[in-house]
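The block underneath contains the structure these notes are about, expressed in structure tokens.
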Amino acid sequence: MAAIEAELQALKDNLLDMLDLVRNQLTKCKKALRKNDGSLAEEILSDEKKVNMQELAIDRDCESILAIYTPVATDLRFVLSSLKITNDLERIGDNASRLAKFLSANANDLPQPWLSQYNLEPMLDIVTGMLKDMREALDKEDTRLARKTAKKDEQLNKLYKEDLKTTAALIAENPEKGKVLLTLFTIARDLERAGDLTKNIAEELVFHIEAKVLKHKKDQR
Amino acid sequence: MKPLEAKKINVFYGDNHVLKDIDITIKENTVTALIGPSGCGKTTFLRTLNRMNDYIETFRKKGKVYIDGKDIYDKKVRVEELRRKVGMVFQKPNPFPKSIFENVAYGLKIHGITGKYEINDTVEKSLKQAALWGEVKDKLDKPALSLSGGQQQRLCIARTLAVKPTIILMDEPASALDPLSTAKIEELIEELKEKYTIIIVTHNMQQAARISDRTAFFYLGELIEYDKTSIIFTNPKNKLTENYISGRFG
């Protein structure tokens, strides 16, 4: 086995671990949301530290592979993709942390019926599912799955637009709660962004495996 | 100048079939890197381009090599004239045990040039083109062998340039040099490309990626893939090429 292969395998394992960590954060977010439980927030925030550490470790791995092995072709694309994927995952992790912080600060102030009018739970389900697919796509180098999953981003966009309408209606009825409702809306926006970031991950996987650039397709025409 | 063209080149050393149906067209003013594991035929191919293999008793060739539209193996071709046109730089610097000046002037003299002014002028121009003039202009009468390895290799390049070739073949020209001298040779190749067509055999993948416009990957006597260097090193079409450039074999 070429020395670089062991390094690339270790990088892949680290990425898979990071995917698991972030997915776990989102699963905990759903639990916290369902129970309107601010205490889970601490756990989610402590997971964020692990995610950040993992990002730094992967950055270091990539830097060292580039410096020592000067990879080419698939190997180079994998290292380049990893740098971007780890950045995307870190940002998804940040979104999960913001949701946790919000719940922790507003748990007592949020009537459950309001929460249930938002699409946060189904959105969390979709992003969590997308990340699960990304893990499998990376592990098995399955670009078909990556492409298929990327399309789920559209479902998130739809739910996000519904949440915008919900927010407008609730603020109209309860103008004094405008600030908390707007903050709640930013959580929906974060989850919609998490979908965009997961779609980016799918595109990076396609770039790594097939050498095809999917992003900015319209601009490339 | 028309491009260099090799058509269906097959080379045999006795029963050993070392090059198989090589078809390649090399455009002028480009750098082409020949890569592949040891024994793949890249050096044999390079030597076929200026008939260096003619000296090997068991050498046999089928197919044609055209330079300037002429078959270089045609009986009318004078081999000395071909080698003037197609110069060669070897792996190990091989200056003659003469002065720096004499090394560069040597080729001119054997080609019948005797005018002192012309010789002096060509020696200076060649050393300048080889990026060596500044380092040796005050000691042209000193032995060439007193120069460092990197300087000796640039002297050999100057010696090749002096006889005004159109194509320069380089067989791992920097493999015996330190990183600084290697960088100088690479820089020089980039500059020489403006006037010459360069074909270089190298085992250094990063060097091939840095300096060449096109790369040809040879394996077991076959030309597996020939494409723009930027494609070969980012998205090669053939799995063998990818495995070789990424260090998985060879």
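Only heavy atoms go into these numbers, but all of them, side chains included; no hydrogens, no water, no symmetry mates. First the proteins, then the strands, lettered A, B, ... as listed; each starts at 1. Owing to the predicted nature of the structure, the values given are computational and were not obtained by experimental measurement.
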Using only distance (under 3.5 Å, no hydrogens or angles), which donor-acceptor pairs connect chain B and chain A?
unit_1, atom_1, unit_2, atom_2, d
A/E5, OE2, B/R248, NE, 3.1
A/T70, O, B/Q206, NE2, 3.4
A/T70, OG1, B/Q206, NE2, 3.2
A/A73, N, B/F233, O, 3.0
A/T74, N, B/E242, OE2, 3.1
A/T74, OG1, B/E242, OE1, 3.3
A/T74, OG1, B/E242, OE2, 2.1
A/D75, OD1, B/R248, NH2, 3.2
A/D75, OD2, B/R248, NH1, 2.8
A/D75, OD2, B/R248, NH2, 3.4
A/R77, NH1, B/T234, O, 2.5

Lys/Arg N to Asp/Glu carboxylate O, A/D94 vs A/R91, below 4.0 Å | no
Would A/K199 and A/D196 pass as an ion pair if we require N to O under 4.0 Å?
-> no
Does A/D133 come within less than 4.0 Å of A/K152, counting only side-chain N to carboxylate O?
-> yes
From the options B/L223, B/L169, B/I22, B/I199, select the one residue that forms a side-chain contact (heavy atoms from CB on, under 4.5 Å) with B/F45.
-> B/I22
Electrostatic pair A/D47-A/K50, nearest N-O below 4.0 angstrom | yes
Chain A shares the most heavy-atom pairs under 4.5 Å, among B/I231, B/I232, B/I245, with B/I245
Considering only NZ, NE, NH1 and NH2 on the basic side and carboxylate oxygens on the acidic side, decide whether A/K28 and A/E43 come within less than 4.0 Å.
-> yes
Hey, could you give me the CG/CG distance between A/D153 and A/N157, rounded to the nearest 0.5 Å?
-> 4.5 Å
Considering only heavy atoms, which portion of A/L80 lies under 4.5 Å from any heavy atom of chain B: side chain, backbone, both, or neither?
-> neither
